[in-house]
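Side chains included, hydrogens not; waters and symmetry mates left out as well; all remaining heavy atoms used. The model shown is predicted, which means the values in this text are computed figures rather than measured ones.
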Amino acid sequence: MNSCIKTACQKNAFWRRENLSLSVSDIAHAARLAEIITDDFYNDRLDLTARGISHDSAQRPRLPEAECVEILRASGVSDRDVRLYTTFVAAMDRARDATSLWNNGLRLFRDHPELFDPSVVLEMPIQELREILSVYKVSQRHGPDSDAWGVIARSLVSRESPVRRVIDSGFGDAKELLDDLRSSDRGQTCFPLLRGEKIGPMWVRMLAYPGGAKIDNIDIIPVAVDVHVRRVTENLGITKTSGISQEITKPVIHSIQSAWCNAVGTTKIGGPEGIADTCAALDTALWVFGKHGCSHCKKVGHRVPISSACEQCQFRVSS
């Protein structure tokens, strides 16, 4: 294995749980696909006309949190409040439609901005908080979700911590933030729902983009594996996980993350300031590519290309 590949494999050792035995040519192939996908996404070159979305359409796919943050900033919301919005809503983002969640969170912020002020939340009766989160469909499991919202607010008020500092100042370190998410105070988790293996890294990425924070060591953040990212990864032949259970298990997650980590470590993929040339930048492009590309093809039962990357697709129609 040549030196650049060896460096790429070691670069994100923090996140690697197993060795994915990819050859140098496999990694080069994955790197090229990463370049194409991110280049098409960030330069608005995904061809979605077959989905009824023209190049000049306002329906062009974007990350839902990025679209909502842009709306907040246009209305004069501060960077700190943007990061508070991102933090509380991200904690609710599990096993649900992301677009609906972030749009509901935006409505909540507009109508009840006080729910995103940790000091105000601490003075609010938990039943009132639970009712509002439920009415706006921001919570899903209303009791546990509202309890978590309250605990996160208390942690942001009562503890001087990396999480609090990055929200207040816009500066942080990815590893310190992930460690802090898993911290406890007198036996109670400080940041419930944010500390998960998927949500935690995704939240750190959101702080940088679209949150605008300057995050050191952002390159330890892996792609966040959900059904969309798994589907595009397997369809393009990046991993050999397609025969495994349809559930997204830890071995599947780690294999997919390792494969893209190795690929990104050997190339330049661009992306927004703060996450460029990292898996965090690829993560956003993969999610959109999978949701609007691969998921559509699966639904209609045949390939409907959106990028030259689709030339490598191995999707087969079920008989």
Check: Is it true that a side-chain atom of Ser258 and a backbone atom of Ser255 form a donor plus acceptor pair closer than 3.5 Å?
Finding: no

Notebook entry, point to check: Would you find more than 12 non-hydrogen atoms of other residues, nucleotides or ligands less than 6.0 Å from Gln314 atom CD?
Noted result: yes

Next item on the list: Could you tell me whether Lys198 atom NZ has more than 12 heavy atoms of other residues or ligands within 6.0 Å of it?
Entry: yes

Check: Any side-chain donor paired with an acceptor under 3.5 Å for Thr278 and Asp219?
Finding: no

Margin query: In the structure I gave you, are the side-chain heavy atoms of Cys68 and Arg73 within less than 4.5 Å of one another anywhere?
Written below: no

Check: How are the rings of His228 and Trp287 set relative to one another: parallel (under 30°), tilted (30 to 60°) or perpendicular (over 60°)?
Finding: perpendicular

Margin query: Could you tell me if Gln188 and Arg154 have a donor-acceptor pair between their side chains, going purely by distance under 3.5 Å?
Written below: yes

Check: Are more than 12 heavy atoms from other residues, nucleotides or ligands located less than 6.0 Å from atom CD of Glu114?
Finding: yes

Check: Donor-acceptor pair, Arg83 side chain versus Val166 backbone, under 3.5 Å?
Finding: yes

Checklist line | Under 3.5 Å donor-acceptor, Asp39 side chain and Glu35 backbone | finding: no

Next item on the list: Would you check if the side chain of Arg164 reaches a backbone N or O of Val157 as a donor-acceptor pair within less than 3.5 Å?
Entry: yes

Notebook entry, point to check: Which atoms form the tightest heavy-atom contact between Ser307 and Asp40, and what is the distance?
Noted result: OG-OD2, 2.6 Å

Next item on the list: Check whether the side chains of Arg130 and Ser139 place a donor and an acceptor atom closer than 3.5 Å, and report yes or no.
Entry: no

Checklist line | Arg110 side chain vs Leu106 backbone, donor-acceptor pair below 3.5 Å | finding: no

Check: Do Arg195 and Thr189 get their side chains close enough for a donor-acceptor pair, meaning under 3.5 Å?
Finding: yes

Next item on the list: Could you tell me which non-hydrogen atom of Cys297 sits nearest to which non-hydrogen atom of Val304, and how far apart they are?
Entry: SG-N, 3.2 Å

Check: Once the angle between the rings of His112 and Tyr136 is folded into 0 to 90°, is it parallel (under 30°), tilted (30 to 60°) or perpendicular (over 60°)?
Finding: perpendicular

Next item on the list: Walk me through it: do Arg231 and Ser295 pass the test side chain to side chain donor-acceptor pair (under 3.5 Å)?
Entry: CA-CA 8 Å; Arg231 187 169 289 146; Ser295 293; 2.8 Å; yes

Next item on the list: Determine whether Leu115 and Val120 make a side-chain contact, defined as any pair of heavy atoms from C-beta on separated by less than 4.5 Å.
Entry: no

Next item on the list: State whether a side-chain donor-acceptor pair under 3.5 Å links Thr86 with Trp203.
Entry: no

